[in-house]
Amino acid sequence: MSHLENRRTILVYRDKLFLGSESFIPRAYRHFQALSPIYVGNGDGAGPDGATVIRLDGADGLSAIDNALLRTVGRVPDPLVGRLRYEAPRLVHAHFGKSGAYAMPIAAALGLPLVVTFHGGDAAKDVHYRSNPFAVYNRRRHRLFQQAAGFIAVSDFVRRKLISRGGPAEKITVIHNGVDPDHFQVGAKAKEILFIGRMVEKKGIDVLAKALSQLGNQLDGWQVRLLGDGPLRAKAEALVASTGVNCRFEGWVPADQVAGYLGRAAVVVVPSKTASSGDAEGLPMTVMEGMMSGAAVVGAHHAGIPEAIVDGTTGLVFPEGNSEALAEALQTVCMTEGLAAGLGAAGRTRAEVHFNAQIQSRALEAYLASFLDAEAA
C-alpha cells in the first residue's frame, strides 16, 4: 500500500512550533477525522504524540542560510519542496499573520491553497500595518490578502479588525478556539478569585491590581490567586501589598496544574485591555477555560470577551480599563449569595456548546476540507 493511500494531508505551518502558550494549535486538530496534519516550522518544542513534524531548523530541515532566505525572500529550496511533496499535502494552514507570510512561498511552490488563522495581536498591533520594507509580514501583507484562499478569525472582533486593516471580508470566517470539557472540570469550589496570564499591558494586570487595592478588606474570606509572571508583576504586587486583600502571586505553574486551579476557583477574572501599541486579545483562552470549569468569569469589554460572556447570565462584563467598575463587579459576584455558582453553571452549559474543543475542531476540519472539495469539483 502506498504511504499516500487514503490520506488527505494538510501542512500546519507555525514559524515557532509548539510554544507552551500555544497549546491551542495542536488541540485544534485533535478531533480531525478526514484530514491528517503534518507540522512544519522551526523550534524544538514537543509536538503531539505520534505527529509527523518537519522542522526547518532541524535534522529534516534547511541550512541556516536557506532557512533565512526562505523567510526573508521566499526562496523555497528544491529539497524542501521534494520533502513536502512526499507527504502529498492538499492545503497549507498557517497560524498567525506573520507565519502566513512565511508560508505563502511554500504554498505557492507546492501549488496549494493557503488558509491563515489570525489570533488577535497579529490583526491588532499597529506595528504590523505600517509601511516597513524590512518586516516580512508588512511587506507581503497585501499579497497575502490577495493570494490566500481563506482566513480564519478566532473572534468576530478579530474579523472586524482584520477587515479594517484591509483584509478581504468575503474570505474571512470566524471559528472560535475550543477547550476540552473532559480536561476542564467543575471541582469543589472555594472562595477563590483566579487570574491567569502574562503580566503585561494587554492582560490588564494593572487594572486588576488597582481594583483589588480599592476593595481592600471588602473581600474578607476570599483568596485571590494570580498565576503568571512578567514585567508588570512587581508594580502589581506593590499596589496590593498592604491593602488587606488576601492575594498570592503564584508565578508560572505547570500547564498540567492549571485545570486544578480553575476547577477550584469560584471566580475567574480577565481584565484585558488594548495596549498602547494597539496589541489586543483575540478571545483569551482563560475566558473559555474558566467557563468550562464552572467559574463565574468577570471579563473586560475587550476584543472577543463579550462574545463569550453573556453579561449577567454566564458572567459579568465591565468597561475595558475601568478599575472602579471591575472592583464593583468583583464585589457583586463575591458578596451576592449564590451568584458565582449560578453564573458558573450557566457558563459551563454555554461553553459545552460554543467552545467545546471537539465541536470547534470538527468545524475547523469542515472549513479546511471545503477548499479541497472545491478543487475536486
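- Looking only at side-chain heavy atoms (C-beta outward), I196 and Y261 stay at 4.5 Å or farther from each other.
- One N or O on the side chain of S361 and one on the backbone of A28 form a donor-acceptor pair closer than 3.5 Å.
- Put simply, the residue from D66, D15, D57 that forms a salt bridge (charged side-chain N to carboxylate O under 4.0 Å, His left out) with R71 is D15.
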Begin from the C-alpha positions of L330 and L208 and carry the test side chain to side chain contact (heavy atoms under 4.5 Å, CB included) through to its verdict.
CA-CA 10 Å; L330 289 174; L208 176 57; 4.3 Å; yes
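- Here the shortest heavy-atom pairing between P231 and V200 reads CD-CG1, 3.8 Å.
- Considering all non-hydrogen atoms of both residues, Y13 and N42 come closest at OH-ND2, 4.4 Å.
- With contacts defined as side-chain heavy-atom distances shorter than 4.5 Å, the pair K98/D122 does not qualify.
- With hydrophobic clusters built from ILVMFWY side chains whose heavy atoms lie under 4.5 angstrom apart, L326 shares a cluster with I193.
- Using modelled atom types, no side-chain atom of R198 and backbone atom of G228 make a donor-acceptor pair closer than 3.5 Å.
- Hydrophobic clustering of Ile, Leu, Val, Met, Phe, Trp and Tyr side chains at less than 4.5 Å, counting indirect connections, keeps L19 apart from F96.
- Between the K171 side chain and the Q146 main chain, a donor and an acceptor come within less than 3.5 Å of each other.
- Screening V12, V154, I175, I25 for a side chain to side chain contact (heavy atoms under 4.5 Å, CB included) with T117, the sole residue that qualifies is V154.
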How far apart are the C-alpha atoms of V76 and L84, what are their side-chain angles, what is the distance that settles it, and do they pass the side chain to side chain contact (heavy atoms under 4.5 Å, CB included) test?
CA-CA 11 Å; V76 187; L84 297 175; 5.7 Å; no
What do the steps show when you test Y102 against R14 for side chain to side chain contact (heavy atoms under 4.5 Å, CB included), and what is the final call?
CA-CA 9 Å; Y102 288 147; R14 175 68 174 112; over 6 Å; no
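- Judged purely by atom type and a 3.5 angstrom limit, R140 uses its side chain to pair as donor or acceptor with the backbone of A101.
- With E365 contributing its side chain and L35 its backbone, the two residues share a donor-acceptor pair below 3.5 Å.
- The shortest heavy-atom contact between R27 and G178 is NE-O, 3.2 Å.
- A continuous path of Ile, Leu, Val, Met, Phe, Trp and Tyr side chains, each step under 4.5 Å between heavy atoms, connects V317 with F355, placing both in one hydrophobic cluster.
- Between Y29 and H93, the angle of the ring planes goes over 60°, which puts this pair in the perpendicular group of the 30/60° scheme.
- Looking only at side-chain heavy atoms (C-beta outward), D311 and P306 stay at 4.5 Å or farther from each other.
- Pairing each heavy atom of A340 with each of A266, the nearest pair is CB-O, 4.0 Å.
- Pairing each heavy atom of L283 with each of A308, the nearest pair is CD1-CB, 4.0 Å.
- L80 CG to L56 CG: the interatomic distance, rounded to the nearest 0.5 Å, is 6.0 Å.
- In this structure, T286 and F195 have side chains that are not in contact, with every pair of non-hydrogen atoms separated by 4.5 Å or more.
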Between H95 and H119, does the ring pair (Phe, Tyr, Trp, His ring centres under 6.0 Å) criterion hold? Intermediate values first, please.
CA-CA 8 Å; H95 285 269; H119 290 274; 5.3 Å; yes
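- Using bins of under 30°, 30° to 60° and over 60° for the plane-to-plane angle, the ring pair F118/F145 lands in the tilted bin.
- Around the CG atom of D256, the shell of radius 6.0 Å holds more than 12 heavy atoms that belong to other residues, nucleotides or ligands.
- In the displayed structure, D220 atom CG is contacted under 6.0 Å by at most 12 heavy atoms of other residues, nucleotides or ligands.
- Contact check for Q218 versus V245: no side-chain heavy atoms found under the 4.5 Å cut-off.
- Within a 6.0 Å radius of CG in D44, other residues, nucleotides and ligands contribute 12 heavy atoms or fewer.
- The side-chain heavy atoms of M104 and L114, taken from C-beta on, include a pair separated by under 4.5 Å.
- To the nearest 0.5 angstrom, E201 atom CD is 7.0 Å from D206 atom CG.
- A side-chain donor-acceptor contact under 3.5 Å links S155 to the backbone of G282.
- A side-chain donor-acceptor contact under 3.5 Å links S323 and Q214.
- Side-chain N or O atoms of K202 include none that pairs as donor or acceptor with a backbone N or O of T274 at under 3.5 Å.
- A donor-acceptor pair is defined here as one N or O able to donate and one able to accept, closer than 3.5 Å; such a pair exists between the side chain of R165 and the backbone of A124.
- Going from atom CG of L226 over to atom CG of L212 covers 7.0 Å, rounded to the nearest 0.5 Å.
- In the hydrophobic clustering of this structure, L62 groups with L110; members are Ile, Leu, Val, Met, Phe, Trp, Tyr whose side-chain heavy atoms approach within less than 4.5 Å, directly or through other members.
- In this structure, CG in L11 is found 8.5 Å from CG in L91, a value given to the nearest 0.5 Å.
- Under a 4.5 Å side-chain heavy-atom cut-off, the cluster of Ile, Leu, Val, Met, Phe, Trp and Tyr residues that includes I65 is completed by L69, V73.
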Test V179 against M285 for side chain to side chain contact (heavy atoms under 4.5 Å, CB included), laying out the working first.
CA-CA 8 Å; V179 296; M285 295 302 298; 3.6 Å; yes
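- Cation-pi geometry between R139 and Y137 is not met at under 6.0 angstrom from the ring centre and within 45 degrees of the axis.
- When the shell of 6.0 Å around CD of E337 is examined, it contains 12 or fewer heavy atoms from other residues, nucleotides or ligands.
- Hydrophobic cluster membership differs between I309 and V267, with clusters built from Ile, Leu, Val, Met, Phe, Trp and Tyr side chains linked at under 4.5 angstrom.
- For N138 (side chain) and V127 (main-chain N/O), a donor-acceptor pair under 3.5 Å exists by modelled atom type.
- A pairwise comparison of heavy atoms in E307 and D156 identifies OE1-N, 2.8 Å as the closest pair.
- Counting heavy-atom neighbours within 6.0 Å of E328 CD, excluding the residue itself, gives a total of 12 or less.
- If you take NE2 on H183 and CE on M292, they are separated by 11.5 Å, rounding to the nearest 0.5 Å.
- Proximity of a side-chain donor or acceptor of D180 to a complementary backbone N or O of A357 within less than 3.5 Å is not detected.
- A heavy-atom distance below 4.5 Å is found between the side chains of R264 and R225.
- Salt bridge annotation for E281-K203: present, with a cationic side-chain nitrogen under 4.0 angstrom from a carboxylate oxygen.
- To the nearest 0.5 Å, atoms CD (E320) and NE2 (H301) are separated by 9.5 Å.
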